[in-house]
Amino acid sequence: MKKCVLGMAVAAAGLVLLTSCLGSSNNEFTTTSPGVVTLDSKTARMIVQTRVGGIYAKGFETYNEGDCVVVNFTVNQDSPENAEASKTGYYFSTLNVAPVEVSQYAINQHQADTSKLLVGEKPIIQAMTPNLVNTYLSYIEKRLFLPVAYNGISDESLAWDLSYDRQNMKAEEENGKRVYSLFLRRRVVKEGTKKAEDKAELLAFRIGNFIDQVNSLEKAASSKEFYVKINYIDKINEKDSTYTWAKMDPNFYITFAVPADK
């Protein structure tokens, strides 16, 4: 699987500050965003849906529909080719660095036993790394983009699992918020040979079915929004295999609006 190590992507994000200092026009912007590749049926162009909408750039033809990437790009809204953007649904853009592909995984509807460690399970430092939330945390085209931090080895092979109990879906009340839990777990499936170091990585999970199920529950409860939190194991004692569960900071719970009936 491809790893989107965020050291490279963070460096690309620095281009946002650089461009803003160079006096670009009011109708030009540069940003970094995760994205999902979609196919525009009218033009047969590959479009990347981002946090700020759809974009097209040369080179997207090499991707397949459904691929996940991180893109750093500039859009000039005054450009003649963007005059019809409101109709086409996307902007022509210029890539500032090559896109970085992101590994994506299906959500697991069968939650593993949280009272036991998985084979090869390792702790996660943080699910939802605070300094990366504004740039990378996104829900786009039914994919949850989640920045995580962990201590790992560059040449090891990992398996990520994001799960929930489909048969026992129930909101928890936290400070007046209706909150649903997902459980993120990390396993080493092939040991590495290099020195371990702290890492930040961007993961993408296909959670559309989970969100659809929660929307149905929340509509029945006449709710307008709900929240999702990520639970994860943050400490494992290697001597006796005891461990502790943690949850993301409530300030970073992921907000979803319940769609209105058409």
Side-chain angles (χ1 to χ4, degrees), residues 1-20 24-25 27-107 128-129 132-148 160 162 200-209 211-212 254-257:
M1 300 293 285
K2 307 176 185 70
K3 287 185 180 181
C4 179
V5 179
L6 289 177
M8 180 185 302
V10 168
L15 291 171
V16 178
L17 299 178
L18 177 61
T19 302
S20 64
S24 58
S25 71
N27 291 319
E28 180 178 293
F29 65 89
T30 297
T31 191
T32 296
S33 173
V36 180
V37 179
T38 61
L39 176 65
D40 180 61
S41 59
K42 294 181 180 179
T43 62
R45 287 193 176 107
M46 288 299 183
I47 306 300
V48 174
Q49 302 296 335
T50 74
R51 290 163 56 110
V52 296
I55 63 167
Y56 170 76
K58 293 180 181 178
F60 286 173
E61 296 81 6
T62 62
Y63 294 110
N64 296 313
E65 189 173 10
D67 285 350
C68 293
V69 294
V70 171
V71 285
N72 180 276
F73 59 94
T74 298
V75 169
N76 183 348
Q77 294 171 297
D78 292 332
S79 172
E81 59 189 357
N82 284 325
E84 300 294 318
S86 61
K87 295 180 181 179
T88 63
Y90 59 87
Y91 285 108
F92 284 81
S93 66
T94 301
L95 297 178
N96 299 308
V97 292
V100 180
E101 293 192 57
V102 180
S103 297
Q104 59 176 308
Y105 308 84
I107 193 168
M128 195 80 67
T129 311
L132 301 176
V133 165
N134 290 337
T135 301
Y136 296 105
L137 175 64
S138 311
Y139 182 64
I140 303 170
E141 295 292 316
K142 299 186 181 296
R143 274 82 165 172
L144 173 65
F145 289 89
L146 185 65
V148 299
W160 293 93
L162 186 69
E201 184 175 344
L202 184 64
L203 308 172
F205 293 95
R206 299 187 294 273
I207 68 168
N209 289 340
I211 297 301
D212 290 345
I254 310 155
T255 309
F256 291 88

Can you measure from CD (E65) to CD1 (I47) and round to the nearest 0.5 angstrom?
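With rounding to 0.5 Å, CD (E65) is 11.0 Å from CD1 (I47).
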Would you confirm whether [X], through its side chain, and [Y], through its main-chain N or O, come within 3.5 Å as a donor-acceptor pair?
| X | Y | value |
| --- | --- | --- |
| S33 | R51 | yes |
| N82 | F92 | yes |
| S138 | Y136 | yes |
| S79 | N76 | no |

Between N96 and T74, is there a side-chain donor-acceptor contact under 3.5 Å, judged purely by atom types and distance?
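Yes, a side-chain donor-acceptor pair sits under 3.5 Å.
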Please report the shortest heavy-atom distance between [X] and [Y], naming the atom on each side.
| X | Y | result |
| --- | --- | --- |
| R206 | Q104 | NH1-OE1, 3.3 Å |
| P99 | V69 | CB-CB, 4.4 Å |
| G35 | V48 | CA-CG1, 3.7 Å |
| T38 | Q49 | OG1-NE2, 3.2 Å |
| L202 | V70 | CD2-CG2, 3.4 Å |
| V36 | C68 | CG2-SG, 4.2 Å |

With heavy-atom distances below 4.5 Å as the criterion, would you say the side chains of [X] and [Y] are in contact?
| X | Y | result |
| --- | --- | --- |
| L95 | F73 | yes |
| I107 | N209 | no |
| M46 | L39 | yes |
| L137 | I254 | yes |
| V71 | T50 | yes |

Please work out which of the three classes, parallel, tilted or perpendicular, describes the rings of F60 and Y56, given edges at 30° and 60°.
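Aromatic pair Y56/F60 classed perpendicular.
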One pair to check against side-chain hydrogen bond (donor to acceptor under 3.5 Å, both in side chains): D40 and T43. What are the steps and the verdict?
CA-CA 6 Å; D40 180 61; T43 62; 2.5 Å; yes
Audit row: F205, W160, side chain to side chain contact (heavy atoms under 4.5 Å, CB included) steps and yes/no:
CA-CA 10 Å; F205 293 95; W160 293 93; 4.2 Å; yes
Does the pair I207 and Y105 meet the rule for a side chain to side chain contact (heavy atoms under 4.5 Å, CB included), with working shown?
CA-CA 9 Å; I207 68 168; Y105 308 84; over 6 Å; no
When the aromatic ring centroids of Y139 and F256 are compared, is their separation below 6.0 Å?
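Centroid distance Y139-F256: below 6.0 Å, so yes.
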Please determine whether side chain to side chain contact (heavy atoms under 4.5 Å, CB included) holds for the pair N72 and T30, giving the CA-CA distance in whole Å, both sets of side-chain angles, and the decisive distance to 0.1 Å.
CA-CA 7 Å; N72 180 276; T30 297; 4.0 Å; yes
Side chain to side chain contact (heavy atoms under 4.5 Å, CB included) for E81 and Y91? Distances and angles first, verdict last.
CA-CA 8 Å; E81 59 189 357; Y91 285 108; over 6 Å; no
